[in-house]
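Every value quoted in this text rests on a predicted model; they were computed, and no experiment measured them.
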Amino acid sequence: GCPAQSKRRPFLQPSGARRMVVAMKSSQTPEKKPMRSVTEYIRSPAQLNQIKSEAGKQSRQQTAAKNFFRKNEAQMVADLFRARVEQELEEEVEDWRVTDFQGDLTRKAILKVQVGQDEFVHLYATRPSRNDQWICLYAPFKTPRCTLEMTEDYYYDLPDRRMCSERFDVSSCSTREMCQLM
């Protein structure tokens with residue numbers, strides 16, 4: 001089974017949240033870095049039904065291309081947090097591969113990252129808008145059977161950075177009393 005975790009705090013859904021649907025052009029080809037997927041806001045139930053019916057008409061190639069780009073995009077989001085997770089786990093991980101993901105990957109990303117043979121870390125990253133910094137939470141010591149939790153209650157804070165003294169030898173630092181970094 002999956003290791004149990006206690007709930008941290010209640011999660012409040014923003015009142016102005018809108019649904020987003022990802023649409024990709026079939027003419028895109030794989031490049032070194034995948035391009036951001038084109039997104040659009042859904043303003044009415046009729047518009048949502050229209051997009052769902054059009055999505056059902058996609059060819060297998062179009063669906064495979066869309067899945068390829070979304071998985072690469074999820075991997076790029078996970079790569080942003082690798083060093084911080086390794087720092088919290090106090091070890092370098094042998095693998096760092098996204099195996100499952102949820103969210104729009106623009107403002108919300110919930111990721112299952114394989115870090116070893118049967119070891120996983122779950123990441124819960126959010127940001128208010130595309131131009132803001134990600135706020136990331138994590139859940140370590142997960143197994144292949146653990147499913148992604150959709151609320152932040154099941155995750156721990158992932159600190160942005162550590163103090164200098166935890167990363168460097170500061171014994172010869174002459175400004176320790178007035179340090180602005182620590």
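- For Arg127, the side-chain hydrogen bond (donor to acceptor under 3.5 Å, both in side chains) criterion is met by no residue, not counting sequence neighbours.
- Atom-to-atom distance recorded for Gln75:CD and Arg82:CZ is 9.0 Å, nearest 0.5 angstrom.
- Atom-to-atom distance recorded for Asp157:CG and Glu152:CD is 9.0 Å, nearest 0.5 angstrom.
- Under a 3.5 Å cut-off, the side chain of Gln102 and the backbone N or O of Glu149 do not form any donor-acceptor pair.
- Annotation for Gln47: atom CD counts as buried by contact number, over 12 foreign heavy atoms lying within 6.0 Å.
- Looking only at distances, a side-chain donor or acceptor of Gln114 sits under 3.5 Å from a matching main-chain atom of Gln117.
- With Lys142 contributing its side chain and Leu148 its backbone, the two residues share no donor-acceptor pair below 3.5 Å.
- Phe120 places none of its side-chain heavy atoms less than 4.5 Å from the side chain of Val115.
- In this structure, CZ in Arg107 is found 10.5 Å from CG in Asp132, a value given to the nearest 0.5 Å.
- With sequence neighbours left out, the salt bridge (charged side-chain N to carboxylate O under 4.0 Å, His left out) criterion links Glu91 to no other residue.
- Pairing each heavy atom of Leu123 with each of Cys136, the nearest pair is CD2-SG, 4.1 Å.
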- Walk me through it: do Val113 and Val98 pass the test side-chain contact (heavy atoms from CB on, under 4.5 Å)? CA-CA 4 Å; Val113 182; Val98 173; 4.2 Å; yes
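- Considering all non-hydrogen atoms of both residues, Tyr124 and Met150 come closest at CE1-O, 3.5 Å.
- Taken to the nearest 0.5 Å, the CZ atom of Arg97 stands 11.0 Å off from the NZ atom of Lys112.
- Checked options Val93, Val85, Leu158; the residue passing with Val121 is Val85 (criterion: side chain to side chain contact (heavy atoms under 4.5 Å, CB included)).
- Note that CD1 of Ile110 is 10.0 Å distant from CG of Asp104, once rounded to the nearest 0.5 Å.
- Residues Ile135 and Leu111 do not share a hydrophobic cluster, defined by chaining ILVMFWY side chains whose heavy atoms lie under 4.5 Å apart.
- A pairwise comparison of heavy atoms in Leu137 and Tyr155 identifies CB-CB, 3.4 Å as the closest pair.
- Here the NE2 atom belonging to His122 is positioned 13.0 Å from the CZ atom belonging to Phe141, to the nearest 0.5 angstrom.
- The two residues Leu105 and Val77 make their nearest non-hydrogen contact at O-CG2, 4.2 Å.
- For the side-chain hydrogen bond (donor to acceptor under 3.5 Å, both in side chains) test, no residue two or more places apart in sequence or in another chain qualifies with Ser44.
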